Amino acid sequence: MPAFNTPDWMLTALDERRQQHLFRSTKVMASPQSTRLTQDDKEYLAFCSNDYLGLANHPLLKQTMADAAQQFGVGSGASHLVCGHLDAHAALEQELCEWLGYERVLLFSTGYMANLAVISALANKQRPVLMDKLNHASLIDGARLSDAIFKRYLHNNVESAAKHMASLGQAGVLASDGIFSMDGDRAPLAALANLAQQQDWLLVVDDAHGLGCMGEDGKGTLALENLSSEQVPFLMGTFGKAFGVAGAFVACSNDMADYLTQFARPYIYTTAMPPAVAATVQASLQLIRAPEGEQRRQTLAQHVALLRQRAAAWPYDMMPSDSAIQPLLIGSSEQALGISAALQQRGILCKAIRPPTVPPHTARLRITLSAEHSREDVEHLCDTLDAIFHDVSE
Ligand SMILES: *Cc1c(COP(=O)(O)O)cnc(C)c1O
């Protein structure tokens with residue numbers, strides 16, 4: 001290979017990240033996504049994926065994808081608006097509408113793109129964006145992609161949101177995660193929906209971590225708070241987490257979907273998701289709605305309860321959460337990395353999440369649970385953390 005001439009500013013930026021214990025890199029997993037992961041020829045018990053229901057490696061879904069590839073081919077070949085929108089896409093959209101009680105659904109290849117699309121299409125110079133401080137990066141980047149005024153309110157603080165609305169003076173777009181991805185806690189959605197309705201703002205809820213695993217029929221955080229499509233005009237969800245597949249959607253009314261179809265550039269200028277993916281997501285949705293899905297949600301909830309009960313004995317606090325995301329707040333990035341490394345030495349993969357993904361001094365061990373874990377798996381994680389904290393305190 002030729003010797004690349006790396007610019008000094010790049011090397012300096014990398015050095016800074018290393019010194020702050022914030023350097024990040026990708027690791028290769030030599031196994032399908034599951035509670036057991038192989039890395040560097042070693043098998044680990046994993047508590048770091050977002051495959052909350054354990055569907056990513058489900059035999060039925062793997063078969064569905066193989067069959068669907070035979071039927072529909074492997075690529076969609078074009079954007080939705082040109083000729084890449086196949087009957088597999090339409091069928092998935094239809095079933096999502098019926099499940100969630102919305103008039104229309106638009107599909108996206110990733111949740112990141114769905115958020116870029118909806119926020120950047122709705123906001124402009126006359127319509128500001130207001131978001132929770134801890135919203136997912138893709139919502140924030142959607143605001144940046146628009147030329148709107150962009151403000152953030154204090155986390156889960158409806159009063160702070162109301163104050164910002166009053167000072168902005170014009171109606172705009174209010175956006176919140178349903179479950180916060182690095183914290184696991186839930187947004188006060190009913191209160192946010194009321195505020196948005198009173199002030200004539202458009203509410204966008206990103207339920208990437210709630211859909212499939214929470215609420216009646218797995219319908220997510222909206223179901224937990226009995227919210228209708230009228231109260232939440234834009235619901236965004238992803239298929240790469242509880243659904244175990246890939247992609248995302250935005251659910252809204254007919255007119256709003258027409259509007260996004262004209263003005264949401266990340267919807268228009270990209271190739272449609274592979275039709276076999278759409279068909280597999282639909283099979284995953286059917287599983288989520290079936291008794292097997294309910295069973296998996298119950299197992300997951302039992303794991304959450306067990307972990308939180310055992311965590312009471314640890315020298316660090318679990319963050320408030322009843323979702324599959326159960327972060328243990330450590331504070332220092334160095335210590336969080338140390339605990340994660342100690343777990344890895346003992347055969348467990350669980351990642352430290354550090355700034356800038358989370359605010360300064362709030363590095364944490366992000367424990368994620370899956371219905372595919374056994375009770376013994378969760379107990380083993382707790383026993384191992386008991387031992388690590390015992391060693392440290394001596
Ligand atoms: C993961 C996630 C996304 C992005 O979804 P992808 O399909 O992974 O691109 C968006 N919002 C939230 C809250 C997420 O956790």
Side-chain angles (χ1 to χ4, degrees), residues 24 26 29 33 48-53 55-56 89 92 96 105-122 129 131-145 152 155-156 173-189 192 203-215 220-222 224 232 234-251 264 266-267 270-274 277-278 280-281 284-285 288 319 321 323-327 351 353 356-359 364 366-370:
R24 307 195 254 197
T26 44
M29 302 297 141
Q33 190 56 248
C48 45
S49 97
N50 302 320
D51 180 26
Y52 306 129
L53 295 181
L55 300 182
H89 298 110
L92 171 59
L96 285 164
V105 154
L106 298 182
L107 298 178
F108 292 84
S109 291
T110 71
Y112 190 97
M113 290 171 67
N115 280 338
L116 288 187
V118 68
I119 303 293
S120 70
L122 297 177
V129 186
M131 293 194 185
D132 191 289
K133 258 215 144 86
L134 298 188
N135 270 1
H136 192 264
S138 53
L139 287 164
I140 293 168
D141 292 355
R144 288 183 177 162
L145 187 60
R152 298 202 278 170
H155 178 51
N156 277 350
V173 182
L174 176 66
S176 178
D177 287 14
I179 302 286
F180 289 85
S181 49
M182 297 300 139
D183 301 72
D185 58 341
R186 180 144 56 93
L189 289 182
L192 288 172
L203 177 61
V204 178
V205 172
D206 170 345
D207 207 18
H209 301 280
L211 274 175
C213 358
M214 305 183 90
T221 53
L222 269 57
L224 289 178
V232 181
F234 292 92
L235 170 64
M236 176 275 191
T238 67
F239 305 134
K241 288 163 182 159
F243 280 73
V245 193
F249 72 91
V250 173
Y267 180 73
T270 191
T271 303
M273 71 161 57
V277 170
T280 310
V281 170
S284 175
L285 172 57
I288 282 169
M319 296 175 64
S321 160
S323 71
I325 303 163
Q326 292 290 330
K351 300 295 169 149
I353 305 286
T357 306
V358 293
R364 62 203 66 176
R366 183 177 181 267
I367 302 168
T368 53
L369 297 167
S370 165

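In this text, all values refer to a predicted model and were calculated from it rather than measured experimentally. All values below were derived from every heavy atom in this structure, side-chain atoms included, with hydrogens, water molecules and symmetry-related copies excluded. As the structure lists them, so they are numbered: ligands from 1, and atoms in each ligand from 1.
Looking only at side-chain heavy atoms (C-beta outward), M236 and L139 stay at 4.5 Å or farther from each other. Side-chain contact check for L107 versus L96: some heavy-atom pair is nearer than 4.5 Å. Using a 4.5 Å heavy-atom threshold, the side chains of S176 and N135 count as touching.
Each of the atoms 15 (O) of ligand 1 lies under 4.0 Å from some heavy atom of S181. Of all atoms in ligand 1, numbered sequentially from 1 with element shown, those under 4.0 Å from a heavy atom of D177 are 13 (C). Less than 4.0 angstrom separates some heavy atom of N115 from each of these atoms of ligand 1: 10 (C), 11 (N). Ligand 1 places these atoms under 4.0 Å from at least one heavy atom of S138: 10 (C), 11 (N). Every atom of ligand 1 is numbered from 1 in the order shown, and the set under 4.0 Å from a heavy atom of D206 is 10 (C), 11 (N), 12 (C), 13 (C). Every atom of ligand 1 is numbered from 1 in the order shown, and the set under 4.0 Å from a heavy atom of T110 is 7 (O), 9 (O). Residue G111 approaches ligand 1 through these ligand atoms, each under 4.0 Å from one of its heavy atoms: 4 (C), 5 (O), 6 (P), 7 (O), 9 (O).
Nearest-residue assignment for atom 8 (O) of ligand 1 (options M182, H136, K241, H209; heavy-atom criterion): K241.
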Open item on the list: Quick one, V204 with V250, criterion side chain to side chain contact (heavy atoms under 4.5 Å, CB included). Give me CA distance, side-chain angles, the key distance, then yes/no.
Closed with: CA-CA 9 Å; V204 178; V250 173; over 6 Å; no
TODO: Please test D207 against T221 for side chain to side chain donor-acceptor pair (under 3.5 Å), starting from the C-alpha separation and ending with a verdict.
DONE: CA-CA 7 Å; D207 207 18; T221 53; 2.9 Å; yes
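Classification of the F239-F249 ring pair by plane angle, with boundaries at 30° and 60°, yields parallel.
Not a single heavy atom of A248 sits less than 4.0 Å from an atom of ligand 1.
A distance-only check finds no donor-acceptor pair linking the side chain of D183 to the backbone of P327 [under 3.5 Å].
Considering backbone and side-chain atoms alike, Y112 places an N or O below 3.5 Å from some N or O of ligand 1.
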